[in-house]
Amino acid sequence: MSEPHAPDRYAVIGHPIAHSKSPLIHGLFAQATGQVMEYTAIEAPLDGFSTVVQAFRAQGGRGLNVTLPFKLQAFELATDPLESARLAGAVNALKFEGDRIYADNFDGLGLVNDIQRNLGVSLAGKRVLLCGAGGATRGAIVPIALQKPALLAVANRSADKAHQLKRDFAAHVALQTGGFEDLAGESFDVVLNATSTGLTQAALPLPAGVFATGALAYELVYGKGLTPFLKQAQAAGATHIADGVGMLVEQAAEAFAWWRGVRPDTRPVIDRLTVPLV
Ligand code: NAP
């Protein structure tokens, strides 16, 4: 009789990491698809990311999800960064095969899949506004641009950072960039809050009228209920609001499919993790 083989090992690595939903999500995916795998959470010391990754690899680890603050260091460590990771300059998933370290970034694709498949809002021909110019926005620009919106604008507290994105992504998309004050008189069909204000409960100085009638307002932060951004959107008449729980689960599903070659059903996991927007 042959011995059952040990489960393949995966983990999420970050600092801090105790809050991470990834072990729960991947555990549910593995159960639903019958994959023999183990998925844990690893807190690496702030100055020890690469040492911890190499030790995990040496012990037979097959892949990692990478979260704050290591997404840039993961890019540096990769031998084979795939296109989404190169464009974002950041990595949220690693795959180890022999001496190669493949790296990808599924955050932007997870966001687009959530908006289009789960929320049923097509981005084609729409006026889309990304608030924020950090890592999440960098990862979202090309996946959104590929859906052919009529306009993709990026507004940020420090307008210079938004203008830098216009230059960095010029080969892929003609971004409209500026500060929040530059949005006066404009309206958008899809408004995404990719700033970290959902965590700090700060409001964005968005001019009245930024939300078109029937707009989708999407807060990338998840599990915080009605954030100031979502309240602003509701008050301005946005009829469709969502937080980033679907994005989280969809990016996890992309990583799972990349590692295991099996696509899990995301709906039951999203339903399980959803915190009502009240
Ligand atoms: P980041 O790189 O640290 O960027 C933070 C952004 O927030 C910057 O544009 C910053 O503007 C802006 N900001 C911070 N405080 C602000 C304030 N008081 N007023 C206006 N703007 C402010 O963060 P990130 O990685 O892009 O992540 C952004 C958010 O997305 C995070 O909160 C994260 O939780 C969420 N996220 C969710 C998922 C998901 O799966 N649902 C995935 C990735 C990220 P300045 O440039 O002016 O400082």
Side-chain angles (χ1 to χ4, degrees), residues 5-15 17 20-23 25-30 32-45 48-114 134-146 168-169 171-172 247-264 266 269:
H5 72 82
D8 291 336
R9 294 182 58 208
Y10 298 86
V12 59
I13 182 166
H15 185 119
I17 203 63
S20 176
K21 303 275 185 233
S22 293
I25 295 171
H26 283 277
L28 291 169
F29 286 166
T33 57
Q35 294 291 300
V36 183
M37 58 185 276
E38 168 191 291
Y39 189 109
T40 55
I42 300 175
E43 181 161 294
F49 173 72
S50 135
T51 311
V52 172
V53 172
Q54 299 298 11
F56 181 76
R57 238 180 120 196
Q59 290 155 15
R62 303 283 295 267
L64 287 169
N65 279 127
V66 181
T67 187
L68 296 178
F70 299 128
K71 290 184 175 189
L72 299 179
Q73 288 182 55
F75 183 74
E76 301 298 322
L77 196 66
T79 58
D80 299 75
L82 301 177
E83 181 157 27
S84 306
R86 274 206 303 275
L87 288 169
V91 154
N92 88 332
L94 295 171
K95 179 160 73 171
F96 308 122
E97 282 180 3
D99 63 350
R100 313 309 298 169
I101 302 180
Y102 296 93
D104 214 331
N105 189 325
F106 297 114
D107 281 340
L109 184 56
L111 173 65
V112 167
N113 286 348
D114 190 39
T137 289
R138 289 193 79 89
I141 287 172
V142 171
I144 292 175
L146 287 173
D168 291 351
F169 286 88
H172 302 275
M247 172 182 179
L248 175 75
V249 176
E250 291 295 339
Q251 66 73 30
E254 293 300 322
F256 191 91
W258 187 48
W259 291 327
R260 307 301 300 177
V262 185
R263 179 161 298 276
T266 51
V269 182

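We use all heavy atoms of the structure for the numbers below, so side chains are in, but hydrogens, waters and symmetry mates are not. All values reported here derive from a predicted model rather than from experimental measurement.
- To the nearest 0.5 Å, atoms OH (Y10) and CE (M37) are separated by 6.0 Å.
- Nearest heavy atom pair, residue N65 against residue H26, reads OD1-NE2, 3.2 Å.
- Residue D80 holds its CG atom at 11.0 Å from CG of L94, rounded to the nearest 0.5 Å.
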Fill in: Step-by-step salt bridge (charged side-chain N to carboxylate O under 4.0 Å, His left out) determination, D104 to K95
CA-CA 9 Å; D104 214 331; K95 179 160 73 171; over 6 Å; no
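- When side chains are defined from C-beta on, V112 counts as touching I144, because their heavy atoms get closer than 4.5 Å.
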Worksheet entry | Trace of the side chain to side chain contact (heavy atoms under 4.5 Å, CB included) decision for V262 with Q35 | CA-CA 9 Å; V262 185; Q35 294 291 300; 3.5 Å; yes
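- Taking each heavy atom of A85 and A103 in turn, the nearest pair found is CB-O, 3.8 Å.
- Under the 6.0 Å cut-off for aromatic ring centres, F106 and W258 qualify, their centroids lying closer than that.
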Item to complete: Tell me, with the steps shown, if L64 and F96 meet side chain to side chain contact (heavy atoms under 4.5 Å, CB included).
Response: CA-CA 9 Å; L64 287 169; F96 308 122; 3.8 Å; yes
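- Separation of atoms CZ (R138) and CG (D168) is listed at 4.5 Å; rounding is to 0.5 Å.
- The closest donor-acceptor contact from the side chain of Q251 to the backbone of L248 lies under 3.5 Å.
- In plain terms, the two heavy atoms of L77 and F49 that are nearest each other are CD2-CE2, 4.0 Å.
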Discussion item. Would H172 and L87 count as a side chain to side chain contact (heavy atoms under 4.5 Å, CB included) here? Give the steps.
Written reply: CA-CA 10 Å; H172 302 275; L87 288 169; 3.2 Å; yes
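- Residues F29 and V249 form a side-chain contact, since some pair of their non-hydrogen atoms from C-beta on lies under 4.5 Å apart.
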Discussion item. Please evaluate residues D107 and K71 with respect to the criterion side chain to side chain contact (heavy atoms under 4.5 Å, CB included), reporting the C-alpha separation (whole Å), side-chain torsions for both, the decisive distance (0.1 Å), and the verdict.
Written reply: CA-CA 11 Å; D107 281 340; K71 290 184 175 189; 2.9 Å; yes
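- Across R62 and F56, no two heavy atoms sit closer than the pair N-CE2, 4.1 Å.
- Formation of a donor-acceptor pair under 3.5 Å by the T79 side chain with backbone atoms of I101 is found in this model.
- For the residue pair N105 and N92, the shortest heavy atom distance occurs at CA-OD1, 3.4 Å.
- Between the CZ atom of F256 and the CD1 atom of I25 there is a distance of 12.0 Å, given to the nearest 0.5 Å.
- Judged by distance alone, with hydrogens and angles left aside, the side-chain atoms of R9 form no donor-acceptor pair with the main-chain N or O of G61 at under 3.5 Å.
- Within the model, atoms CZ of R57 and CD of E97 stand 11.0 Å from one another, a figure rounded to the nearest 0.5 Å.
- Smallest separation of non-hydrogen atoms from R86 and F75: CA-CE1, 3.7 Å.
- Atom CD1 of residue I42 and atom OG of residue S20 lie 11.5 Å apart, to the nearest 0.5 angstrom.
- Contact check for V12 versus P23: side-chain heavy atoms found under the 4.5 Å cut-off.
- Look at R263 and E254 and you find a salt bridge, because one of the NZ, NE, NH1 or NH2 atoms lies within 4.0 Å of a carboxylate O, short of that distance.
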